[in-house]
Protein chains: 2
Amino acid sequence: MPRSKKANISARKQPRQARSSQLVADILEAAVRVLVRNGAHGFTTARVAEAAGVSVGSLYQYFPNKEAILFRLQANEWGQTLGELRRILGDPATAPPERLRVALQTFFRSECEEAAFRSALEDAAPLYREAPESRAHVEEGRQLMRSFMKEALPGASAKQRAFAADLVGLVMSSVGKAVSSQGRPGAEVDAIAAAIGEMLGGYLRGLTHSSRDRANRSAAS
Amino acid sequence: MPRSKKANISARKQPRQARSSQLVADILEAAVRVLVRNGAHGFTTARVAEAAGVSVGSLYQYFPNKEAILFRLQANEWGQTLGELRRILGDPATAPPERLRVALQTFFRSECEEAAFRSALEDAAPLYREAPESRAHVEEGRQLMRSFMKEALPGASAKQRAFAADLVGLVMSSVGKAVSSQGRPGAEVDAIAAAIGEMLGGYLRGLTHSSRDRANRSAAS
DNA sequence: TCAGAATACGATTAAAGATTCGCATTCCAC
DNA sequence: GTGGAATGCGAATCTTTAATCGTATTCTGA
């Protein structure tokens with residue numbers, strides 16, 4: 001790493017002409033292939049450029065550094081996932097426990113389908129994880145889960161809801177990562193998702209009951 | 001990496017004299033410090049040697065390559081953890097659900113206490129994870145959990161037990177990693193461990209009941 | 001005390017890889 | 001068409017780092 005001064009992960013010129021937008025798209029596609037084939041360790045700018053049929057110089061026109069490419073891949077992935085989860089968890093036509101079940105199944109399936117890519121991206125996480133933009137993604141997910149809890153645990157205190165949201169988020173994401181890193185076959189992943197769903201559902205049900213009991217007790221006294 | 005031919009991760013000369021054993025010990029201690037201070041990325045043989053007050057050449061007398069040092073750290077850590085878990089999960093004087101609860105609390109606490117070290121070691125995992133010796137550790141843990149399930153789910157089929165064991169192991173290890181990577185404070189970790197314990201306990205209880213029901217039903221017919 | 005084994009050293013080698021920079025080419029607004 | 005902007009190029013630069021090897025030092029058993 002010569003002459004490096006910690007350039008911002010996202011700042012650099014935007015493509016204006018059609019050919020350059022295409023070039024950026026080519027780079028991102030190639031980056032996925034390189035990551036899958038060569039792993040996080042073998043992910044080099046030279047290889048990405050070559051796989052994209054582009055020169056390194058061109059690559060650096062639109063990405064300030066290697067991390068920026070990885071961050072971009074991760075951001076795209078996360079945007080997609082977050083969108084799906086938002087749709088599922090926010091659907092008022094479905095009962096909250098069912099929403100959670102569907103969200104888990106969808107999430108685990110998508111983690112598993114692109115297992116090689118996801119787990120390589122995860123291996124590379126130390127390179128982009130510290131960027132504030134990346135931390136913001138975590139916060140987005142947390143907010144989503146917290147607002148879901150308002151519907152799933154209407155009787156609970158804000159503190160309880162926050163803890164439950166963090167806990168469910170923690171379990172989802174960490175088990176999801178583990179699933180992708182093991183690249184398990186489809187049927188088993190559904191079984192895992194179902195079991196985790198049962199666990200989380202049971203846990204939330206327990207919270208609902210205990211807060212209802214507490215409410216009843218205080219109403220009676 | 002010049003002239004490298006994928007040397008075995010553990011093979012190299014053993015220390016015979018006192019000074020060389022001390023040297024190896026110094027290197028391992030220093031390696032922990034370097035890993036914590038500089039992270040997986042800044043973990044270089046030169047830095048480790050310097051922190052240990054030793055020359056690189058000496059380091060390479062006892063470790064075939066950088067990975068071997070990391071593997072050794074991970075192996076030591078895992079040996080310790082596995083020992084504790086074996087003791088807790090195998091204690092016949094305690095009811096299985098209680099054993100699981102204690103195991104979780106102990107495991108999560110230890111993950112959290114050395115959070116910086118554990119999570120840096122985890123970041124470096126891509127470097128040593130592929131070694132067969134490392135894969136063997138996973139298998140050890142799996143075996144432990146399976147034999148625990150013989151006591152926790154006596155009525156269940158072997159297949160059910162195997163799935164339950166893998167699932168519980170998956171949740172424990174993945175959530176454990178997440179906990180260490182977030183470096184949460186003590187009290188919250190206990191709350192998380194308790195909640196996960198509740199979930200897993202509830203899940204296992206569900207399995208017990210359904211297999212008991214099934215046994216009852218088939219006895220009645 | 002002495003020979004040979006073990007240990008320690010660290011400058012040196014060999015690469016690999018990130019990023020730059022000057023120049024060539026293409027595009028677009030006028 | 002033309003001038004400047006945008007784009008594209010890739011050899012060259014500059015670091016970092018893993019790993020070695022010839023030499024110096026220390027130990028140990030006889």
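Chain letters run A, B, ... following the sequence lines, proteins first and then strands; every chain starts at 1.
Here salt bridge (Lys or Arg N to Asp or Glu O under 4.0 Å) pairs that include residues 70-85 of chain A, with residues two or more places apart or in two chains, are Glu77(A)-Arg118(A). The salt bridge (Lys or Arg N to Asp or Glu O under 4.0 Å) contacts involving residues 20-36 of chain A comprise nothing, where partners must be two or more places apart or lie in separate chains. Listed by first then second residue, pairs satisfying salt bridge (Lys or Arg N to Asp or Glu O under 4.0 Å) with a partner in residues 180-192 of chain B read Arg109(B)-Asp190(B), Arg184(B)-Glu188(B), not counting sequence neighbours. Within the structure, salt bridge (Lys or Arg N to Asp or Glu O under 4.0 Å) contacts touching residues 172-182 of chain A (residues at least two apart or in different chains) are Glu122(A)-Lys177(A).
Between Gln22(B) atom CD and dA8(C) atom P there is a gap of 10 Å when expressed in whole angstrom units. A straight line from CG of Leu59(B) to C1' of dA8(C) spans 12 Å, rounded to a whole angstrom. With rounding to whole Å, His41(A) atom NE2 is found 6 Å from dG17(C) atom P. Rounded to whole Å, the distance from CG on Leu127(B) to P on dT17(D) is 13 Å. The distance between atom NZ of Lys66(B) and atom C1' of dA19(D), rounded to the nearest whole Å, is 12 Å.
The stretch residues 68-75 of chain A has no heavy atom under 4.0 angstrom from DNA chain D at all. Contacts between residues 27-39 of chain A and DNA chain C, defined by a heavy-atom separation below 4.0 Å, involve no residue at all.
At dT19(C), one or more side-chain N or O atoms of Tyr60(A) fall inside 4.0 Å of OP1 or OP2 (strictly under the cut-off).
For Pro15(A), the side-chain contact (heavy atoms from CB on, under 4.5 Å) partners two or more places apart in sequence, or in a different chain, are Ser20(A), Ser21(A), Val24(A), Tyr62(A). Among residues two or more places apart in sequence or in another chain, the ring-ring contact (aromatic ring centres under 6.0 Å, His included) test is passed with Phe43(B) by none. For Tyr203(B), there are no ring-ring contact (aromatic ring centres under 6.0 Å, His included) partners, not counting sequence neighbours. Considering only residues two or more places apart in sequence or on other chains, Gln143(B) meets the side-chain contact (heavy atoms from CB on, under 4.5 Å) condition with Glu139(B).
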Could you pull out every donor-acceptor pair under 3.5 Å between side chains of residues 48-59 of chain B and any protein atom, sequence neighbours left out?
from, atom 1, to, atom 2, distance (Å)
Ser55(B), OG, Gly57(B), N, 3.3
Ser55(B), OG, Ser58(B), N, 3.2
Ser55(B), OG, Ser58(B), OG, 3.3

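When each of Arg142(A), Arg161(A), Lys159(A) is tested with Asp166(A) by the rule salt bridge (Lys or Arg N to Asp or Glu O under 4.0 Å), just one qualifies, namely Arg142(A).
Residue contacts shown for Thr45(A) include a base, since a base heavy atom lies under 4.0 Å away.
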Quick tally for nucleotides 4-11 of chain D: nucleotides whose base has a protein heavy atom under 4.0 Å get B, sugar-phosphate-only ones S, the rest -, giving --BBSBB-
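Taking the six-membered ring where the residue is Trp, His137(A) and Trp78(A) present tilted rings, their angle falling between 30° and 60°.
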